[in-house]
Amino acid sequence: MKYAILVYETADDFAAREDQDRMQAYWAAYSAYADALSKSGFGAGQGAGLLPPHAATTVRVRGGARQVVDGPFADTKEQLGGFFIIDAPDLDAAIAWAEKCPSVGSGSVEIRPLMTM
Amino acid sequence: MAGARDGAALAERVARESYGRLLAALAARTRDVAAAEDALAEAFAAALRAWPASGAPDNPEAWLFAAAKRKLIDFARRAHTASQAQDALAIAAEELDEEMRADALPDRRLGLLFACAHPAVDEGARTALMLQTILGLSAERIAAAFLVEPAAMSQRLVRAKKRIRDAGVPFDVPDPSVWPERLQAVLEAIYAAYTEGWSDALGADSHRRGLSEEAVWLARVLAAHTPDEPETLGLLALFLHLEARRPARRDAEGRYVALDQQDVGLWRDEMIAEAERTLFAAAKLQRAGRFQLEAAIQSAHARRRFDGVTDWNAICLLYAALVDLCASPAARLNQCAALARRDGAQAGLDLLCDYADAHPELGSYQPFWALRADLCARLDRRAEARAAYDQAMARERDPAVVVFLQKKRDALS
């Protein structure tokens with residue numbers, strides 16, 4: 001089964017990306033995670049990091065009129081920071097990979113099965 | 001005609017004995033419990049049509065399995081399942097065929113139990129889901145056992161099955177590291193199954209008959225898989241103590257005999273001995289728990305077999321510990337009954353009234369009214385006792401128990 005590992009990060013996690021003192025550790029952790037995934041054979045070779053929520057734009061069409069708002073869909077403490085697609089035999093295997101994702105210690109990880117088309 | 005009757009009787013027997021095994025094997029690969037249930041129901045319906053006419057197949061279980069598997073593939077086609085899902089199903093079907101060629105259908109029931117107990121499944125649905133999938137109990141029966149509305153229970157079960165399928169919950173006996181978080185739900189389901197079978201005092205209900213044996217069997221298998229889990233051993237010890245008394249639970253006319261009226265000469269010594277050995281092995285692991293306490297209470301009762309004495313003081317202390325640990329309605333009621341034996345009916349009734357004030361839901365529970373009636377009768381509060389017997393009878397499904405309650409009520413007027 002294919003699962004999306006949705007990486008949710010706190011404002012502080014996003015800040016770490018550009019903080020001189022912390023950025024190295026931050027990126028090293030994600031690059032080690034991505035490496036481990038691809039070496040394990042569970043990585044489906046897909047995924048992306050997302051720029052922080054300050055760069056987000058939310059669009060709606062209501063009654064035929066377009067509404068464009070700055071910022072993410074919902075203003076919550078944790079925001080989507082990126083995702084990995086993995087190919088795992090079952091939910092337990094997916095949970096085991098989610099548990100290794102760097103964001104679990106501060107933010108969280110949501111696991112969603114991909115629709116089969 | 002005899003053939004028709006035999007065919008139908010055989011279908012019913014296989015349905016009872018093999019339901020959980022067949023469902024677990026069908027659902028293990030597709031993870032679609034609801035579809036497996038539907039397919040199995042249709043396979044049983046087909047068996048009821050075919051077997052009386054053409055005779056029963058040599059291997060009824062294999063026949064049912066093959067029929068259900070074809071139904072599963074039909075369902076997928078009818079649902080216009082996208083190509084990838086169809087491929088998955090084709091692979092699953094091939095693997096299922098391989099299992100069929102093996103001498104016996106491997107038993108995947110434990111895997112199914114652990115899938116139902118997965119933390120990704122709604123906690124309130126786990127035990128109920130196990131009862132339905134492993135033992136084929138209806139949502140109504142499960143709702144009655146859990147004191148909830150049948151419609152709410154059905155909805156919970158449907159949602160849980162959808163989640164198991166869509167989230168990809170595995171159907172395996174998991175790594176020992178996760179037993180602590182899942183084992184409790186599995187043990188509770190097996191316990192609830194046993195209780196369902198045990199409460200059928202007359203053994204007249206063919207669907208319920210066999211539930212207790214099934215539960216004992218599952219406890220044995222689980223104990224073999226998890227030998228270092230004291231609660232699994234405790235559950236098995238509890239069952240063995242209760243099973244040891246089965247021959248004494250009914251009189252020659254099949255009427256229910258209460259524990260303190262039983263002829264201890266009919267109790268099965270070898271089962272009592274096995275129960276004691278199992279409980280001792282659990283105690284050595286030094287992690288107390290609910291099922292070990294329940295087994296210890298039955299162990300205290302078992303002593304009567306050897307010296308004719310019941311240690312009500314020990315039983316009261318064990319029930320108090322049990323209520324502290326898990327305040328189930330049954331534990332509270334049994335604590336009141338034991339207290340009544342040690343300190344008199346008034347003490348038992350006082351505690352019962354305290355509990356009823358604090359937990360009004362006890363009022364929907366038949367044993368609450370039966371105990372209240374009995375304690376009032378012993379205190380010669382006849383009108384209250386009669387009213388309580390009426391309430392108990394109104395909540396009892398088993399005709400044999402209704403007769404038992406009616407007799408006690410009649411004796412009061």
Chemist: Mark yes when over 12 heavy atoms from residues, nucleotides or ligands other than A/E110 sit less than 6.0 Å from its CD; otherwise mark no.
Modeler: yes
Chemist: Could you check whether atom CZ of A/R112 has more than 12 heavy atoms from other residues, nucleotides or ligands sitting under 6.0 Å from it?
Modeler: no
Chemist: Compare every heavy atom of A/D90 with every heavy atom of B/P170, then report the nearest pair and how far apart it is.
Modeler: CB-OD2, 3.1 Å
Chemist: Just checking B/E149: does its CD atom have more than 12 heavy atoms from other residues, nucleotides or ligands closer to it than 6.0 angstrom?
Modeler: no
Chemist: Quick one: what part of A/I95 sits under 4.5 Å from any heavy atom of chain B, side chain, backbone, both or neither?
Modeler: side chain
Chemist: So which bits of residues 113-124 of chain B come within less than 4.5 Å of chain A, counting non-hydrogen atoms only?
Modeler: B/H118, B/A120
Chemist: Tell me whether B/R165 at atom CZ has more than 12 heavy atoms from other residues, nucleotides or ligands lying less than 6.0 Å away.
Modeler: yes
Chemist: With sequence neighbours left out, what residues match B/E37 under side chain to side chain donor-acceptor pair (under 3.5 Å)?
Modeler: B/K161
Chemist: List the atom of B/D166, the atom of A/P113, and the distance in Å for their closest heavy-atom pair.
Modeler: O-CG, 3.0 Å
Chemist: Does this structure show an ion pair linking B/R182 with A/D92, if we count only N-O contacts that are shorter than 4.0 Å?
Modeler: yes
